[in-house]
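Note sheet for the following structure.
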Amino acid sequence: MTILVTGATGNIGRRVVGGLVGAGQRVRAMTRDPGAARLPDGVELVRGDFTRPDTWSGALDGVDRVYLFPFAYYVPESAALGFVEEAAAAGVRRFVVHSAAAAGFAPSDGTSALDRHLEEEREAHRGLELMVEATGQEWTHVRPGLLAANALGWAARIRVERTVREPYGRSGYPVVHEADVAEVAVAALLTDAHLGAAYTITGPARVTLVEQATAIGAAIGAEIRFEELTPEQARAQWLADGYPLDMADWMIELRAAAVDGPGVLPPTRTYEEITGRPPRTFAQWARDHAVDFMEVAA
């Protein structure tokens with residue numbers, strides 16, 4: 001049995017590849033740049049691009065199961081549908097979709113930047129799920145909430161300045177370790193226990209931005225200063241960093257929504273119910289990624 005992992009060089013995709021290799025599976029990794037993939041020995045690397053249909057047949061040849069990166073959020077709907085249909089026609093009989101928690105949200109009226117963003121996410125991710133379901137093949141949808149890996153966006157400033165600058169420091173979400181998401185995906189690829197399930201996966205508890213900065217400091221043995229920005233300062237900083245205005249606005253609203261409560265997503269117990277173990281904490285994530293926040297030796 002050959003299992004195709006798309007998005008194989010991403011934070012979660014790498015973990016999926018590693019989990020499958022550790023389970024003794026034959027793994028094919030689809031990537032736009034095989035030469036830069038840096039994946040485990042024994043993994044078959046194939047060049048593939050969701051925007052280039054001419055690369056699909058080589059990636060899908062002989063494949064039984066697919067871990068499907070959420071590419072529908074980045075490519076036209078016609079390309080997403082084309083890949084899914086070609087996969088099913090090529091003989092893929094099980095899809096595990098890397099989706100998002102937003103796919104399970106109720107439709108939004110789109111009155112704010114955050115509402116509009118969440119509705120856009122819901123439509124893209126749920127749309128991909130429906131494409132897969134329409135093939136008539138086996139499926140599981142893995143829907144992570146906000147990823148702990150978003151904190152990697154602080155890495156450059158922490159390495160140089162030992163500082164995190166954000167608005168709404170008391171804002172917090174139950175951010176999820178990518179290893180937890182990958183572990184569920186691997187289980188869905190290898191066993192029949194999760195067929196037809198849609199799993200929303202979060203971390204164990206709400207962790208504020210200040211607490212995240214503190215945990216990273218503890219992981220690298222340094223004090224990280226948290227500098228609270230006003231929403232206006234944050235918007236100006238993100239615009240200077242190249243973010244579009246609408247994205248800057250929804251990031252501010254996302255944080256503001258979770259200052260005194262769960263925001264758009266409270267913790268779930270899905271990971272624990274599936275594995276029998278509690279989800280990994282943000283402190284564990286920070287220890288696992290400590291090297292990303294350390295100064296580079298001269």
Passes side chain to side chain donor-acceptor pair (under 3.5 Å), T31 versus D33? Steps please. CA-CA 5 Å; T31 174; D33 186 2; over 6 Å; no
So does [Y] get a backbone contact from the side chain of [X], meaning a donor-acceptor N/O pair under 3.5 Å?
X	Y	answer
W56	D49	yes
D241	Y243	no
Q137	A88	no

(request) Kindly indicate, with the supporting measurements, whether the criterion side-chain contact (heavy atoms from CB on, under 4.5 Å) is fulfilled by E227 and V164. (result) CA-CA 6 Å; E227 181 180 327; V164 169; over 6 Å; no
Heavy-atom pair with the smallest gap, counting every atom of [X] and [Y]:
X	Y	result
H98	H125	O-ND1, 4.5 Å
I158	I216	CD1-CG2, 4.0 Å
I220	A290	CG2-O, 3.5 Å
E86	S57	OE2-N, 3.5 Å
A8	L39	O-CD2, 3.7 Å
L189	R94	O-NH1, 3.3 Å

From [atom1] ([X]) to [atom2] ([Y]), nearest 0.5 Å:
X	Y	atom1	atom2	result
L229	R255	CG	CZ	10.0 Å
R47	D54	CZ	CG	11.5 Å
L254	S112	CG	OG	10.5 Å
R28	L45	CZ	CG	11.0 Å
T202	L147	OG1	CG	11.5 Å
D61	T2	CG	OG1	9.0 Å

Tell me if the [atom1] atom of [X] is crowded by more than 12 foreign heavy atoms within 6.0 Å.
X	atom1	result
E77	CD	no
R26	CZ	no
E273	CD	yes

Do [X] and [Y] come close enough that some side-chain heavy atom pair is under 4.5 Å?
X	Y	answer
T9	R14	yes
L128	V84	yes
E178	H289	yes
P107	E119	yes
F83	S78	no
F95	T135	yes
V176	V181	yes
V142	T200	no

Can you tell me if W154 and Q212 form a side-chain donor-acceptor pair at under 3.5 Å?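 Their side chains do not contain a donor-acceptor pair, so the 3.5 Å distance test is not met.
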For the hydrophobic clusters of this structure (ILVMFWY residues joined by side-chain heavy atoms under 4.5 Å, transitively), does one cluster hold both [X] and [Y]?
X	Y	result
V207	M251	yes
V264	I201	no
L114	L245	no
I12	L68	no
M1	V16	yes

task: Evaluate the ring planes of F69 and F50, with Trp represented by its six-membered ring, and classify them as parallel (under 30°), tilted (30 to 60°) or perpendicular (over 60°).
output: parallel
- Task: Evaluate the ring planes of W250 and H117, with Trp represented by its six-membered ring, and classify them as parallel (under 30°), tilted (30 to 60°) or perpendicular (over 60°).
- Result: parallel
Exercise. Under the side-chain contact (heavy atoms from CB on, under 4.5 Å) criterion, do T208 and Y168 qualify, and how do the steps go?
Worked result: CA-CA 9 Å; T208 69; Y168 301 111; over 6 Å; no
Sorted by first residue and then second, give each ring-ring contact (aromatic ring centres under 6.0 Å, His included) pair with at least one member in residues 254-283; sequence neighbours left out.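 Qualifying pairs, neighbours excluded: F282-W285.
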Open item on the list: Quick test of your reading: applying ring-ring contact (aromatic ring centres under 6.0 Å, His included), list the pairs with at least one residue in residues 207-229, sequence neighbours left out, ordered by first then second residue.
Closed with: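 Output for this query is empty, none listed.
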Exactly one of R126, H141, E129 clears side chain to side chain donor-acceptor pair (under 3.5 Å) with S99, and that residue is E129
Check the pair Q284 / D288 against side chain to side chain donor-acceptor pair (under 3.5 Å), numbers first and verdict last. CA-CA 6 Å; Q284 178 65 60; D288 291 343; 2.8 Å; yes
Using ring pair (Phe, Tyr, Trp, His ring centres under 6.0 Å), reason through H194 and Y199 one step at a time and then give a plain yes or no. CA-CA 9 Å; H194 310 290; Y199 293 131; 5.5 Å; yes
Please test R93 against E138 for side-chain contact (heavy atoms from CB on, under 4.5 Å), starting from the C-alpha separation and ending with a verdict. CA-CA 6 Å; R93 66 182 185 88; E138 299 170 347; 3.6 Å; yes
**OP:** Evaluate the criterion side-chain contact (heavy atoms from CB on, under 4.5 Å) for residue pair M30 and L4; output intermediate values, then yes/no.
**Re:** CA-CA 7 Å; M30 179 174 130; L4 176 67; 3.9 Å; yes
Would you sort out whether R225 and E161 count as a salt bridge (charged side-chain N to carboxylate O under 4.0 Å, His left out), showing the intermediate values?
CA-CA 9 Å; R225 185 170 65 92; E161 301 178 13; 5.9 Å; no
| message | If you apply the rule side chain to side chain donor-acceptor pair (under 3.5 Å), what do you find for H177 with D180, and how did you get there? | response | CA-CA 6 Å; H177 196 308; D180 289 358; 5.4 Å; no
Self-check item: Qualifying residues under salt bridge (charged side-chain N to carboxylate O under 4.0 Å, His left out), relative to E272, sequence neighbours excluded
Solution: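 If we apply the salt bridge (charged side-chain N to carboxylate O under 4.0 Å, His left out) test to E272, skipping adjacent residues, the hits are R269.
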